[in-house]
Every structure is written in C-alpha cells, then in structure tokens.
Participant: 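I'd like to ask you about the structure that follows.
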Amino acid sequence: MKHQAGRKAVPQPTANAIRAVPKPPRHFSDAAKAEWRRIMPVLVERRVLSPADLHAAERFCEAVSDIVDAREAIAEHGAYVENRLGELKRNPAFSTLREATTNSKMWASELGLTPKSRNKAGATEDGDDGDDNPLAVS
C-alpha cells in the first residue's frame with residue numbers, strides 16, 4: 001500500500017478472502033461460538049481473512065471464552081478463596097482473566113477488531129476517509 005501525503009492507506013481486500021462465514025469449530029464453548037458469530041460476519045464483509053487467518057480468529061474467540069469463564073468463577077467463588085491451609089488468597093481465576101484479556105487484546109488487534117488497529121490500517125466502517133474538512137486539498 002502506498003501512502004500519499006496527508007492520506008491514510010486504505011486496506012485492500014485479501015486476494016483469497018473468505019467470502020462466507022464458516023461455522024464455528026465444534027470444540028468451541030458456547031461463549032466462543034457466540035463470539036465467532038459476532039465477529040466473523042464483520043471480518044468476512046471486510047474481506048480481510050484468508051483461510052490461513054482462521055487460526056487468529058479461533059484464538060481470539062477462545063480468549064473471549066476464557067474471560068467469560070474466569071469472570072464466572074470469580075462471581076461464583078468470590079475474589080478471595082481459602083487455600084488448603086485455610087488462608088484467604090486471591091482467586092486464581094484473576095490470573096486466567098488477566099492472561100485471557102491480554103491474549104484477546106492482541107488477537108483483536110491482529111484482526112483489526114479495535115478502533116486503534118482499524119485506524120492504524122486506515123480502515124473505516126463506512127468507507128469514509130475521515131476527512132470532513134471542506135477546505136482540505138487532496
């Protein structure tokens with residue numbers, strides 16, 4: 001992609017882009033399947049995913065599922081749990097939550113699912129280049 005002075009690069013569709021939303025992997029949890037069904041239509045419509053990129057989408061959905069699981073464990077057992085000695089310790093699900101949040105953020109960025117990653121690539125949802133200045137010189 002060439003950059004023109006003062007203009008954002010417009011991402012080009014992938015040559016071998018996936019054109020139909022694939023079914024979520026069978027091994028996915030309900031939360032991962034729900035996330036797959038939420039993001040895949042967007043990614044397919046943008047024509048940015050090739051078959052080789054499905055791995056990234058799968059990892060993102062699994063990280064989101066891990067976040068859901070960790071939050072449920074914290075809600076069920078509380079922020080602090082007793083260890084085998086009867087001492088209160090921070091619920092280990094917080095470690096899972098932190099790791100899954102980091103992973104989901106990384107994969108979301110790789111897939112262009114965050115405002116920052118879309119802006120970095122120059123993409124906008126409606127094709128608008130973001131230049132609303134009527135005095136701007138092209």
Side-chain angles (χ1 to χ4, degrees):
M1 284 184 266
K2 289 185 179 180
H3 292 290
Q4 294 176 338
R7 290 259 179 196
K8 292 180 183 176
V10 178
Q12 298 300 313
T14 301
N16 62 340
I18 295 170
R19 295 180 185 262
V21 177
K23 290 183 180 181
R26 288 185 200 170
H27 69 275
F28 268 10
S29 68
D30 288 344
K33 286 178 183 176
E35 190 63 16
W36 181 272
R37 290 182 184 112
R38 187 183 74 81
I39 66 161
M40 289 305 286
V42 173
L43 296 173
V44 168
E45 182 180 323
R46 289 181 192 162
R47 294 180 48 203
V48 295
L49 282 182
S50 75
D53 302 322
L54 288 177
H55 173 79
E58 289 175 12
R59 298 299 74 80
F60 172 74
C61 293
E62 288 175 334
V64 169
S65 178
D66 290 345
I67 290 169
V68 170
D69 291 346
R71 288 186 186 277
E72 287 175 357
I74 294 165
E76 181 179 340
H77 301 288
Y80 292 90
V81 295
E82 283 188 21
N83 67 11
R84 61 183 173 81
L85 301 175
E87 302 167 325
L88 282 180
K89 298 290 181 178
R90 189 164 189 190
N91 190 325
F94 279 107
S95 294
T96 301
L97 179 60
R98 185 174 46 253
E99 182 179 318
T101 300
T102 299
N103 287 337
S104 71
K105 183 178 177 183
M106 179 198 61
W107 288 117
S109 181
E110 288 292 320
L111 293 166
L113 293 173
T114 66
K116 183 177 180 180
S117 64
R118 281 191 306 276
N119 287 336
K120 190 173 184 180
T124 58
E125 289 299 312
D126 61 2
D128 182 7
D129 67 4
D131 189 0
D132 293 329
N133 182 351
L135 302 176
V137 178
S138 296

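Quick note: numbers below take in every heavy atom, side chains included, and nothing from hydrogens, waters or symmetry partners. Numbers here are sequence positions counted from 1. All figures in this text were calculated on a predicted structure; none of them were measured in a lab.
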Participant: According to a 4.5 Å side-chain heavy-atom criterion applied to Ile, Leu, Val, Met, Phe, Trp and Tyr, with indirect links allowed, do Leu97 and Val64 form part of one hydrophobic cluster?
Facilitator: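 Different clusters: Leu97 never reaches Val64 through Ile, Leu, Val, Met, Phe, Trp or Tyr contacts under 4.5 Å.
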Participant: What pair of heavy atoms forms the shortest contact from Met40 to Ala57, and how long is it?
Facilitator: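 It is SD-CB, 3.9 Å.
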Participant: Under 6.0 Å from the NZ atom of Lys105, do we count more than 12 heavy atoms belonging to anything else shown?
Facilitator: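 At most 12 heavy atoms, drawn from other residues, nucleotides or ligands, come within 6.0 Å of this atom.
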Participant: Considering non-hydrogen atoms only, spot the tightest contact between Asp66 and Thr96 and give its length.
Facilitator: O-CG2, 4.3 Å
Participant: Is any side-chain heavy atom of Leu54 closer than 4.5 Å to one of Ile18?
Facilitator: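 Yes, side chains in contact.
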Participant: Nearest 0.5 angstrom please: Glu99 CD to Ile67 CD1, how far?
Facilitator: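 So the CD of Glu99 and the CD1 of Ile67 are separated by 11.0 Å.
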Participant: Would you say Ile74 ends up clustered with Val68 if hydrophobic residues are merged whenever their side chains have heavy atoms under 4.5 Å apart, either directly or through other cluster members?
Facilitator: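 No: no chain of side-chain contacts under 4.5 Å links Val68 to Ile74.
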Participant: Looking only at non-hydrogen atoms, find the nearest pair between Trp36 and Pro41 and report the distance.
Facilitator: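 Reported closest heavy-atom pair: O-CD, 4.0 Å.
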Participant: Could you walk me through whether Val42 and Glu45 pass side-chain contact (heavy atoms from CB on, under 4.5 Å), step by step?
Facilitator: CA-CA 5 Å; Val42 173; Glu45 182 180 323; 5.9 Å; no
Participant: Where is the tightest heavy-atom contact between Thr114 and Ala108, given as atom of each residue plus distance?
Facilitator: CG2-CB, 3.8 Å
Participant: Say you draw a straight line from NE2 of His55 to CZ of Phe60; how long is it, rounded to the nearest 0.5 Å?
Facilitator: 14.0 Å
Participant: Testing the 3.5 Å rule here: is there a donor-acceptor pair between the side chains of Glu62 and His27?
Facilitator: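 Short answer, yes.
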Participant: Ala20 and Val44: which non-hydrogen atoms are nearest, and at how many Å?
Facilitator: N-CG1, 3.8 Å
Participant: With a sphere of 6.0 Å drawn around CG of Asp30, does it hold more than 12 non-hydrogen atoms of other residues, nucleotides or ligands?
Facilitator: no
Participant: By salt bridge (charged side-chain N to carboxylate O under 4.0 Å, His left out), which residues pair with Arg38, not counting sequence neighbours?
Facilitator: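 Arg38 satisfies salt bridge (charged side-chain N to carboxylate O under 4.0 Å, His left out) with Glu35 only.
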Participant: For Ser50 and Asn16, which heavy atoms make the closest approach, and how far apart are they?
Facilitator: CB-OD1, 3.3 Å
Participant: For the residue pair Val48 and Leu111, establish whether any side-chain heavy-atom pair is separated by less than 4.5 Å.
Facilitator: no
Participant: With side chains defined as the heavy atoms from C-beta onward, is the minimum distance between Tyr80 and Arg90 less than 4.5 Å?
Facilitator: yes
Participant: Measure the NE2-CD distance between His77 and Glu82 for me, rounded to the nearest 0.5 Å.
Facilitator: 13.0 Å
Participant: Hey, does the side chain of Ser65 reach the backbone of Cys61 with a donor-acceptor pair shorter than 3.5 angstrom?
Facilitator: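 The answer is no, because no donor-acceptor pair under 3.5 Å joins these two groups.
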Participant: Please enumerate all residues that pass side chain to side chain contact (heavy atoms under 4.5 Å, CB included) together with Glu110, with sequence neighbours excluded.
Facilitator: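 Trp107.
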Participant: Should Leu43 and Leu113 be marked as a side-chain contact (heavy atoms from CB on, under 4.5 Å) after you check the CA-CA gap, both sets of side-chain angles, and the distance that decides it?
Facilitator: CA-CA 9 Å; Leu43 296 173; Leu113 293 173; 3.8 Å; yes
Participant: Could you check whether any side-chain N or O of Ser109 sits under 3.5 Å from a backbone N or O of Met106, counting only pairs where one atom can act as donor and the other as acceptor?
Facilitator: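 A pair under 3.5 Å: no.
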Participant: Taking Asn91 for the side chain and Val81 for the main chain, is one N or O donor matched with an acceptor at less than 3.5 Å?
Facilitator: no
